[in-house]
Enquirer: 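The structure is given below, and queries will be raised subsequently.
Throughout, protein chains are lettered first and strands after them, A, B, ... in sequence-line order, and every chain is numbered starting at 1. All values below come from the heavy atoms of this structure, side chains included, with hydrogens, waters and symmetry mates left out.
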Amino acid sequence: MGDAEAPATPDAPEAPTSIARVTIDSPLPQLDRLFDYAVPAALAKGLVPGVRVRVPFGGRTVSGYVVELVTPGDSEFGGRLAELERVVSLAPVLPPDLWRLARQLADRAAGSAGDVLRVAIPPRQARVENRWLAAERGVPETVDAPALTGYPDGTLERLARGERLAVSAIPRTVRLPGGAEVGHWAITLAELAAATIAAGRSAVLLVPDFRDQAQLEAAVAVLLPPASIALLDARRPDAERYAAYLRCLEPAPVVAIGNRSAVYAPVTEPGLIAIWDDGDPLYAEPLAPYVHARDAALVRQENEGSSLVLLGNTRSVEAQRLVEIGWLDSVEPPRSGRPKVVPTARQSDDEPAARAARIPSTAWRTARDALAKGPVLLQVASPGYAPWLACASCGQAAHCARCHGPLGIPRAGAAPSCRVCGALATDWHCDNCGGTRMRSGAVGSARTAEELGRAFPGVRIIIADGDHTVLQVPATPALVIATRGAEPIAVGGYRAVVLLDGERMLSRESLRVGEDCLRWWSNAAALATPGAPVLLAGASGPVADALGSWRQAAWAKAELDDRRELRFPPAVRVASVTGTPVGVAAAMTAIEDLSGVDVLGPVPTGDEQVRAIVRLDYAAGAAAAGELRAAVIAAATRRRKGPAAARGRSTPTLRVRFDDPEIL
DNA sequence: AGCACGCCGACT
DNA sequence: GTCGGCGTGCTC
């Protein structure tokens, strides 16, 4: 073959693909599209989609990623192309599958793909990257496929076929060979991941926070070598996180473990995407375009053909919806292992010590008896001593004179102070009745600990809350007082679990109180030794019943039915649209004719802006997102009219937030 | 966002 | 007759 005549054999190492389509790193919605650049010969070597580049743009140089390489004839741009200025590195940190996912998720959320990428790709660490590019890669160790403990035969095979499952966790803890105690859920995910690796594919495992991350890391480390594990959680130093991200890009199969943003871990050919406790609010991304990790996982699973597992002690209402439409299949372990929940009415108590500690006498007796055998968990609603204070004469909540935040007492003997701004409440008087004395409105973990210390003299007391991180307690007798979500694991499990403050947790005003409480209680109950009593003090009603019967999925079904009735999420999608009255009105005009869409508001937000809530049937979501996106771009480009003085201030533009967890 | 282009008032 | 205001539109 004459080389000079036909240089472009299909797999020629340097095929002359000389146009790079680049996504620009910019927050501007109108720039959320691809721009074509000529690739100068000097930069063509090794250039692949996904690499970071610097390009000239509007008179300056900006950074971006090469999304694809095309031949000159395929450029749709009519003008004169500029050239790539620099290839930052040859590491393909934005592989095509990730770009596709970011684009789809952004479109779905009326946001920018670049914003998704900012969440997905950790900040570059040049030294780490250079070391990675220069590294030699060995042959990966093979691992044996483990069995899946505690679930029906054939479950692994279903996942190998790429099925999507909502799996109920086995509600107990297990001691690992290394001595660490973990929730059985962590074993389940580790086994699923190891089976995936054994089959030569990668797995992505998501946890809400660092305490679950620690358990999962320990469980996975038992089954897999370190070279097969990439730890992507946010608490890790930037360098380690970036190294783990790069590890995912290697062809050898890997288990990526991390919090919500790890759903984007760029593993090639994921065989499994799994989420532990997908109802945890930490899976909701606070950065634009606010893509929930569960939604990202669902789209990614469909794109890349992996299996999907949502594992939890409770079933989120969103997962229940997916089960009901047939998107997920439900998998249950045997019911024999469920916790022994004892609902307990709050009543007047004959035990003076119990009365002093404000716990029902049955709970007090249970705790006392269990303490002879080992640790006892008491779950409380709030940290601190007195989490909120009220006026002693009229009972109204006491507020900070400076910022109107709630007042509380952080520690025994401390002065009342604002929980928001920290200011000491000196010369306080009630806004309502003018009273000058405060009383405690609720009991926090520190106060509970103090009272229990008196009720159980000589017993070791351990406080675990946001300020006192405790991951594990030994199997020896101790009273562990933890705020919900901060419960340590007990070696061998707790000999009793007492859920205090249930009534107060349930009385919070929120669409999600029910599912939150059921999740907090169920997750605490799952820390008990099998057969040990779990007491729910005081609370009653459907949520308490669901805990007692350990039928969380049935509760989620009933809750979803209610939401359908009310047309609340997740029965429908919602989006909040905030901006100037004119901008919001234009956006509403753009979507009002779509079927399956209704608008609440707009209402003023207090800063010359208004906010409307849009409710959408799922079928209308894509069209509505497209229209709202167009409205955002229109508002962003037309924004600069009006007097110059008005432009000087920070520009109030139109903002759209889909699936906003704060609304309704 | 920057920056360039483009059409109407007070100046050497 | 020009210098320069900032409204409008583009950025490969």
Side-chain angles (χ1 to χ4, degrees), chain A residues 15-45 47-90 92-94 96 99-100 102-103 106-107 109-119 121 123 287-289 578-580 582-583 586-587 590 609 628-657:
Chain A
T17 50
S18 52
I19 306 295
R21 315 204 71 202
V22 173
T23 176
I24 301 294
D25 182 21
S26 161
L28 300 175
Q30 61 271 45
L31 302 185
D32 179 31
R33 55 195 183 85
L34 299 181
F35 293 89
D36 292 355
Y37 288 87
V39 179
L43 299 184
K45 185 154 183 281
L47 190 67
V48 290
V51 305
R52 251 183 261 265
V53 289
R54 302 277 299 172
V55 293
F57 190 81
R60 274 161 315 135
T61 302
V62 300
S63 46
Y65 300 95
V66 173
V67 165
E68 56 178 337
L69 291 165
V70 298
T71 52
D74 287 335
S75 175
E76 286 163 20
F77 184 60
R80 184 189 187 83
L81 293 179
E83 290 190 336
L84 294 185
E85 189 172 294
R86 187 161 75 86
V87 174
V88 176
S89 97
L90 291 176
V93 292
L94 175 56
W99 168 253
R100 179 171 173 229
R103 180 73 273 159
D107 290 345
S112 293
D115 285 340
V116 179
L117 297 181
R118 246 190 297 282
V119 172
I121 305 176
L287 298 176
T578 314
T580 58
V582 175
Q609 299 212 334
L628 291 173
R629 179 64 174 170
V632 167
I633 292 173
T637 53
R638 222 177 292 132
R639 159 182 40 82
R640 277 178 278 184
K641 63 180 168 212
R647 273 184 285 127
R649 309 193 295 242
S650 67
T651 20
T653 67
L654 190 64
R655 297 192 308 278
V656 174
R657 177 163 186 177

Enquirer: Any Lys/Arg nitrogen of A/Glu85 or A/Arg54 sitting under 4.0 Å from an Asp/Glu carboxylate oxygen of the other?
Expert: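 Not counted as a salt bridge, because no side-chain N and carboxylate O are separated by less than 4.0 Å.
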Enquirer: A/Asp36 has an atom CG; how far is it from atom C1' of C/dT11, in whole Å?
Expert: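 Taking atom C1' of C/dT11 as the reference, CG of A/Asp36 is at 13 Å.
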Enquirer: Sequence neighbours left out, what passes salt bridge (Lys or Arg N to Asp or Glu O under 4.0 Å) with A/Arg103? Give chain and number order.
Expert: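 A/Arg103: salt bridge (Lys or Arg N to Asp or Glu O under 4.0 Å) contacts with A/Asp32, A/Asp107.
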Enquirer: In this structure, how many angstroms lie between the P atom of C/dC10 and the CZ atom of A/Phe57, rounded?
Expert: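 To the nearest whole Å, that distance equals 12 Å.
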Enquirer: Nearest heavy-atom pair of A/Ala113 and A/Ala106: which atoms, and what distance?
Expert: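 Shortest heavy-atom contact: N-CB, 3.3 Å.
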Enquirer: Rounded to the nearest angstrom, tell me the gap between atom CG in A/Leu28 and atom P in B/dC3.
Expert: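 Rounded to whole Å, this separation is 13 Å.
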Enquirer: Could you tell me whether A/Ile24 contacts a base, only the sugar-phosphate backbone, or nothing, with contacts defined as non-hydrogen atoms closer than 4.0 Å?
Expert: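 Result for A/Ile24 = nothing.
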Enquirer: Without decimals, in angstroms, what is the distance between A/Ile19 CD1 and C/dC12 C1'?
Expert: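 Going from CD1 in A/Ile19 over to C1' in C/dC12 covers 10 Å.
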Enquirer: May I have the distance from A/Arg33 (atom CZ) to C/dC10 (atom P), rounded to whole angstrom?
Expert: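 Distance, rounded to whole Å: 10 Å.
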Enquirer: Within the 4.0 Å heavy-atom criterion, would you say A/Pro27 contacts the bases, only the backbone, or no part of the nucleic acid?
Expert: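 Nothing: the residue A/Pro27, judged by heavy atoms under 4.0 Å, touches no strand.
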Enquirer: Give the rounded distance in Å between these two atoms: CG of A/Leu81 and P of C/dC12.
Expert: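 That distance rounds to 10 Å.
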Enquirer: In this structure, how many angstroms lie between the P atom of C/dT11 and the CZ atom of A/Arg80, rounded?
Expert: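 Rounded to the whole Å, the gap is 15 Å.
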Enquirer: Taking the side chain as C-beta and beyond, is there a heavy-atom pair between A/Val51 and A/Ser89 under 4.5 Å?
Expert: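 They are not in contact (no side-chain heavy atoms under 4.5 Å apart), so the answer is no.
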Enquirer: If stacking means aromatic ring centre less than 5.5 angstrom from the base's six-membered ring centre, planes under 30°, is A/Phe35 stacked on C/dC12?
Expert: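 Not stacked by the 5.5 Å and 30° rule.
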Enquirer: Return the value, rounded to whole Å, for the distance between atom OH of A/Tyr65 and atom P of C/dC12.
Expert: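 Nearest whole value for this atom pair: 20 Å.
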Enquirer: What does A/Tyr37 touch in the nucleic acid at a heavy-atom separation under 4.0 angstrom: a base, only the sugar-phosphate, or nothing?
Expert: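 Sugar-phosphate only.
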